[in-house]
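A short worksheet on the structure shown next.
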Protein chains: 2
Amino acid sequence: MVAERAGTSIAAVSLVVNGKQAGRISDENAERVRAAVRELGYVVDSTASALARGTSDVVVLLAPDLPNPFFGRVINAVQETLGPRFQLLLFASPTGEQPTVADVQRLAALRPAGLLVSAPTVEFLDDAPPGVPLVLLDAPGLQDRAPTVNYDLASGVRALIAHLAERGHTTIGYLDGSTPAATYELRRTLLQAEAERRGMTLLTTPPVRSRPDIAEAMAATEAALPGWRAAGATAVIAASDTLAHGVLAACARAGLRVPEDIAVAGFDDLPASSVTAPALTSVALPGDLLGSVAARLLLSLIEGGEAPETHELPAELVVRASTG
Amino acid sequence: MVAERAGTSIAAVSLVVNGKQAGRISDENAERVRAAVRELGYVVDSTASALARGTSDVVVLLAPDLPNPFFGRVINAVQETLGPRFQLLLFASPTGEQPTVADVQRLAALRPAGLLVSAPTVEFLDDAPPGVPLVLLDAPGLQDRAPTVNYDLASGVRALIAHLAERGHTTIGYLDGSTPAATYELRRTLLQAEAERRGMTLLTTPPVRSRPDIAEAMAATEAALPGWRAAGATAVIAASDTLAHGVLAACARAGLRVPEDIAVAGFDDLPASSVTAPALTSVALPGDLLGSVAARLLLSLIEGGEAPETHELPAELVVRASTG
DNA sequence: CTGAAAGCGCTTACAG
DNA sequence: CTGAAAGCGCTTACAG
């Protein structure tokens with residue numbers, strides 16, 4: 001360790017570099033260490049540090065659909081609230097799939113300081129490395145397993161169904177996500193209950209599903225559209241905006257006018273949803289809030305704070321042209 | 001190390017686990033080690049392994065705009081061709097910004113097996129950790145610094161300008177990316193040269209720029225639109241589809257019909273571009289090819305193969321309604 | 001073919 | 001306040 005070239009023991013350097021000199025190193029020596037560090041451009045070897053300490057300064061965000069524009073703001077917010085102390089690394093499993101046990105083991109071997117997991121499955125939680133601070137994002141019904149940040153989907157759903165009812169719709173097709181995440185389960189359940197409460201029908205059998213991919217969603221919709229229309233559907237709700245984009249594409253190809261022939265709505269309020277043809281009505285899920293709150297929970301967990309409570313974020317309806 | 005509980009020395013376990021027993025461990029002992037590993041569910045501690053070996057099995061993909069849907073296919077392809085031997089981790093700098101020197105140092109301290117860097121700046125390459133296998137993606141003009149996978153932008157640009165010329169356009173507004181990546185520089189230069197060659201005008205002064213964010217692109221376009229129209233522009237090209245989505249939004253708000261009043265085109269051919277209002281003409285940059293070729297180059301670099309050559313991928317024009 | 005040992009670059013009790 | 005030393009869990013020459 002070259003840094004000690006400037007006078008002190010190697011332990012002293014470690015203490016100063018980690019800001020633990022308080023009352024253990026003289027100000028004079030501390031200053032000499034800092035000078036040496038500066039001159040030599042020394043930076044702690046995080047691998048060795050992680051080995052000695054048992055934990056690294058890496059925080060991993062796992063999401064099944066990371067390239068979804070939804071995560072842009074989540075990532076930025078997480079980075080910002082984590083600050084420079086931690087390094088955020090992202091782990092993406094192939095779109096719509098869950099990380100394998102092997103993936104999880106390899107992540108654990110990285111000794112992350114913390115894990116942020118979006119839309120996890122129960123299976124994933126069973127495999128999760130024990131002892132690693134863990135915060136779940138968008139994982140309704142799983143808050144007994146770990147601190148969780150959820151959206152208040154119920155109120156968003158209520159607003160969406162009320163809006164469609166007001167527009168005179170009574171039968172609604174539903175394009176579900178094929179990912180086995182709890183949040184999709186909940187969206188469907190809530191929509192169904194709310195529709196029922198108002199004497200409306202949400203068409204969920206046979207189930208129509210797609211991974212978060214516009215082309216796949218379009219194909220699924222094209223196949224389902226005749227059935228939905230035959231059942232009297234005048235509107236389609238998709239479990240996410242990406243899926244809804246596929247619905248729009250399918251309607252266009254089928255020669256259906258939106259919203260005149262059929263209304264369309266989604267969840268997320270992606271940036272692109274304001275420029276689709278037509279602009280998309282959506283239940284907005286604010287990603288920046290999700291990221292900042294989750295990161296704050298994780299920080300308090302890492303600092304040994306008591307298990308923080310679960311948080312619920314607003315989910316507001318944004319009405320645009322696709323529902324008239 | 002509990003695994004040696006099953007008979008052999010700890011060195012033997014290491015050799016077997018790493019598949020280096022060839023002619024060094026008896027088949028009998030090797031088998032006993034494997035059995036023990038299985039029973040105990042042992043998995044190598046990658047931190048310690050990385051420290052001892054000087055390198056980890058982590059490959060890092062750096063991209064300034066990771067949540068851009070463009071990267072979905074890139075990531076999938078990279079993961080697939082890297083195989084199970086390596087763990088792909090993603091590093092995102094805030095949208096449109098470049099990683100800082102501190103970021104780079106912390107990545108280097110991770111001792112990655114390799115680095116994949118998308119749309120890097122020259123400054124980044126100056127800071128890049130020496131000795132780490134490095135492959136550049138979409139980095140025209142930088143192939144003397146490291147093996148690079150580029151798109152054949154020239155032919156895409158030629159097709160786009162030819163298409164607009166054929167439609168009778170002679171003056172074209174240009175919305176540039178504000179990221180200081182070489183690829184944006186090249187797109188502008190090529191467009192300008194090609195327009196000039198055909199006696200057309202690409203409006204680049206004053207420069208109009210935006211980060212890859214629909215709202216920001218819309219604002220930039222709204223500010224520029226009067227000037228462009230006054231100069232006689234009947235078309236707008238954006239440096240990426242995300243920017244083009246902002247242009248579409250701005251045109252809609254200004255009451256301009258696309259393509260009747262003004263034609264619009266972009267680069268990337270994002271999935272959402274087929275469902276915008278109207279569907280967007282775009283120079284398609286196939287992300288899956290980019291990812292698989294780059295990963296293959298990196299693998300050969302890691303395996304100590306000689307510096308692979310630079311590759312060029314096709315960039316074909318996809319014509320849709322936004323240009324008539 | 002096999003094992004004891006040094007070393008990777010840190011951190012952290014533990015004596016002074 | 002300071003330093004010598006053990007230890008984190010592996011890998012890899014090096015003797016047998």
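We name chains A, B, ... by the order of the sequence lines, and we start the count at 1 in each one. Since the model is a prediction, treat every value here as computed from it, not as a measurement.
Between the C1' atom of dC10(C) and the CG atom of Asn18(A) lies a distance of 9 Å, rounded to the nearest Å. Between Arg111(A) atom CZ and dG9(D) atom P there is a gap of 6 Å when expressed in whole angstrom units. The separation between Leu110(A) atom CG and dG9(D) atom C1' is 15 Å, rounded to whole Å. Atoms CD1 (Ile10(B)) and P (dG7(C)) sit 16 Å apart, rounded to a whole Å. Atom pair Lys20(B):NZ and dA13(D):P shows a separation of 9 Å (rounding to whole Å applied). Separating the CG atom of Leu15(B) from the P atom of dC14(D) is a distance of 15 Å, rounded to the nearest angstrom. Taking atom CG of Leu51(A) as the reference point, atom P of dG7(D) lies 14 Å away to the nearest angstrom. Per the geometry, CD belonging to Glu28(A) stands 12 Å off P belonging to dC1(D), to the nearest Å.
Counting non-hydrogen atoms under 4.0 angstrom, Ala11(A) reaches a base of the nucleic acid. Looking at heavy-atom distances under 4.0 Å, Arg24(A) makes contact with a base.
Within the structure, a side-chain polar atom (N or O) of Asn29(A) is placed less than 4.0 Å from OP1 or OP2 of dT2(D). An OP1 or OP2 oxygen of dT11(C) is reached within less than 4.0 angstrom by a side-chain nitrogen or oxygen of Ser14(A). Distances shorter than 4.0 Å separate none of the side-chain N or O atoms of Ser9(B) from OP1 or OP2 on dT2(C). Distances shown here put every side-chain N or O of Ser26(B) at or beyond 4.0 Å from the OP1 or OP2 atom of dC1(C).
Nucleotide dG3(D): paired with dC14(C) (Watson-Crick or G-U wobble, both distances less than 3.5 Å).
A salt bridge links Arg145(A) with Asp126(A): at least one charged nitrogen is closer than 4.0 Å to a carboxylate oxygen. The pair Arg38(A)-Glu31(A) meets the salt-bridge criterion, with a side-chain N (NZ, NE, NH1 or NH2) lying under 4.0 Å from an Asp/Glu carboxylate O. A salt bridge links Arg85(A) with Glu303(A); the closest basic N to acidic carboxylate O contact falls under 4.0 Å.
Between the side chains of Thr183(A) and Asp138(A), at least one donor-acceptor pair of N or O atoms lies under 3.5 Å.
Nearest heavy atom pair, residue Gly114(A) against residue Val132(A), reads CA-CG1, 4.1 Å.
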